[in-house]
Amino acid sequence: MQLHFLGTGAGMPSKDRNTSALALKLLEERGSIWLFDCGEATQHQILHTTIKPRKIDKIFITHLHGDHILGLPGFLSSRSFLGGEDTLTIYGPKGLEQWIDMTLKLSKTHVTYPIDFVEVQEGIVFEDAQFIVRAMPLQHVIECFGYRIEQKPLPGELLIEKAQQLGVPKGPLLGQLKAGHNVTLEDGTVVSSKDVTNPPQPGFVVTILGDTKFCENAVVLAQHADVVVHEATFDHGTIELAAQYGHATNTEAAQVARQANAKNLILNHISARFLAKDLIPFLDEAAQIFSSVYLANDHSEFEWRQHTLNEI
Ligand SMILES: [Zn+2]
Ligand SMILES: [Zn+2]
């Protein structure tokens with residue numbers, strides 16, 4: 001799993017930061033990419049990456065503020081030009097479908113692929129054999145959601161020698177054992193999967209939160225997460241402004257990660273008021289509360305491998 005931050009600014013673009021968009025790259029896991037928010041010019045940001053728009057098969061929108069959705073019409077249109085044929089599913093708050101439908105209709109934009117809309121409410125918004133995605137409302141000035149993406153446990157490694165010692169022949173029975181099924185051999189012996197596999201490995205948990213002030217649901221969504229992406233529009237010195245505008249500070253984001261016993265925190269949605277020279281103290285302030293903290297810049301990339309987060 002990799003995270004590629006396409007836009008990390010707050011409210012409006014600056015020279016250094018585009019507005020919100022984050023690609024969750026699941027290429028090894030399922031050959032696809034999920035996009036979280038799509039601020040204006042997200043497609044331009046994608047041009048500087050190896051991301052292929054047709055590989056993006058799900059877009060999760062946290063809320064309907066312009067800095068999180070204004071890139072959608074352009075992205076949807078380009079995905080069509082670039083040969084996207086597979087269904088795109090868009091998850092988001094009430095009103096998103098209406099806005100996209102109207103925009104595409106009035107601009108006579110024809111897309112070559114089906115779009116499915118899922119109106120997000122609290123609870124499970126997506127589940128298949130590999131992943132489960134849950135949403136909970138946060139506390140912003142309009143309806144806004146946070147998402148918790150859980151990878152289901154991965155089958156334990158198959159101990160081939162052990163299976164062969166028990167008489168399992170090469171072939172499909174080995175695959176069934178690896179998948180967790182017990183098998184019966186020709187002579188009637190039953191071989192149990194757990195005797196010839198290592199225990200299942202836990203999957204990863206990534207929590208991606210939309211704009212919010214410090215809130216309890218953020219802590220719930222981030223519970224024991226491997227990676228939490230939290231907005232940090234303000235710093236501790238501007239904490240009163242944060243609450244007033246429905247946003248959080250670097251230190252509040254760190255409190256969320258700490259209370260949730262999360263493993264890693266990435267600060268995102270950074271106000272243009274913070275200049276390059278301010279970013280080290282900005283990060284240090286959060287690190288005093290939660291040490292495993294990173295700051296996302298446009299095109300920051302992180303990789304989750306062997307239960308460890310690395311910035312790449
Ligand atoms: Zn925002
Ligand atoms: Zn907002």
Side-chain angles (χ1 to χ4, degrees), residues 3-24 34-46 59-75 90-100 103 119-122 135-147 207-218 221-222 228-235 238-253 256 265-274 278-279 282 286 295-300:
L3 291 165
H4 188 131
F5 285 82
L6 295 164
T8 57
M12 58 182 189
S14 67
K15 279 186 195 165
D16 295 325
R17 295 181 189 275
N18 200 52
T19 49
S20 283
L22 168 57
L24 172 64
W34 296 354
L35 187 65
F36 288 78
D37 286 335
C38 189
E40 190 178 352
T42 293
Q43 59 168 328
H44 302 63
Q45 296 292 85
I46 289 176
I59 301 178
F60 296 85
I61 297 294
T62 60
H63 66 302
L64 302 187
H65 275 158
D67 59 323
H68 298 256
I69 63 166
L70 290 179
L72 267 175
F75 173 81
I90 303 179
Y91 303 78
K94 188 178 176 61
L96 182 65
E97 177 175 6
Q98 193 188 0
W99 178 70
I100 291 173
T103 307
E119 190 179 299
V120 172
Q121 281 161 356
E122 178 164 356
M136 287 181 94
L138 302 173
Q139 285 182 25
H140 193 38
V141 291
I142 58 169
E143 183 178 45
C144 182
F145 289 96
Y147 295 101
T207 299
I208 299 174
L209 301 168
D211 293 4
T212 187
K213 47 183 181 180
F214 182 86
C215 76
E216 189 54 38
N217 279 357
L221 286 167
V228 179
V229 179
H230 198 300
E231 73 126 284
T233 315
F234 293 91
D235 66 356
T238 47
I239 195 164
E240 277 160 31
L241 288 176
Q244 194 179 326
Y245 292 110
H247 285 296
T249 66
N250 53 351
T251 51
E252 287 171 325
V256 167
L265 169 66
I266 306 175
L267 302 176
N268 184 33
H269 201 271
I270 312 294
S271 164
R273 77 173 63 229
F274 301 110
D278 304 321
L279 295 178
F282 186 90
L295 191 136
N297 293 306
D298 285 17
H299 297 302
S300 286

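Counting starts at 1 for both ligands and their atoms, in listed order. Positions are given from 1 along the sequence. Note that this is a predicted model, so its numbers are computed, not measured.
- Relative ring orientation between His140 and His63 is described as perpendicular, the plane-to-plane angle rising above 60° on a 0-90° scale split at 30° and 60°.
- Distance check for Cys144 against the Zn ion (ligand 2): none of its N/O/S atoms falls below 2.8 Å.
- When NE2 of His68 and NE2 of His269 are joined through the Zn ion (ligand 1), the resulting angle is 100° to the nearest 10°.
- Within the coordination shell of the Zn ion (ligand 2), defined by N, O or S atoms under 2.8 Å, His65 is present.
- Here the Zn ion (ligand 2) is the vertex; the NE2 atom in His63 and the NE2 atom in His140 give an angle of 100° (to 10°).
- Note on ring orientation: taking the six-membered ring where Trp is involved, the planes of Tyr245 and Phe234 are parallel (angle under 30°, cut-offs 30° and 60°).
- Residues Asn18 and His44 have side chains that never bring a donor and an acceptor to within less than 3.5 angstrom of each other.
- Of the possible donor and acceptor atoms, none in the side chain of Asn250 sits under 3.5 Å from a partner among the backbone N and O of Ala253.
- Counting only N and O atoms by type, the side chains of Asp298 and Thr8 include a donor and acceptor under 3.5 Å apart.
- Per residue Asp211, closest N, O or S atom to the Zn ion (ligand 1): atom name OD2.
- Restricting Asp67 to its N/O/S atoms, the shortest distance to the Zn ion (ligand 1) is reached by OD2.
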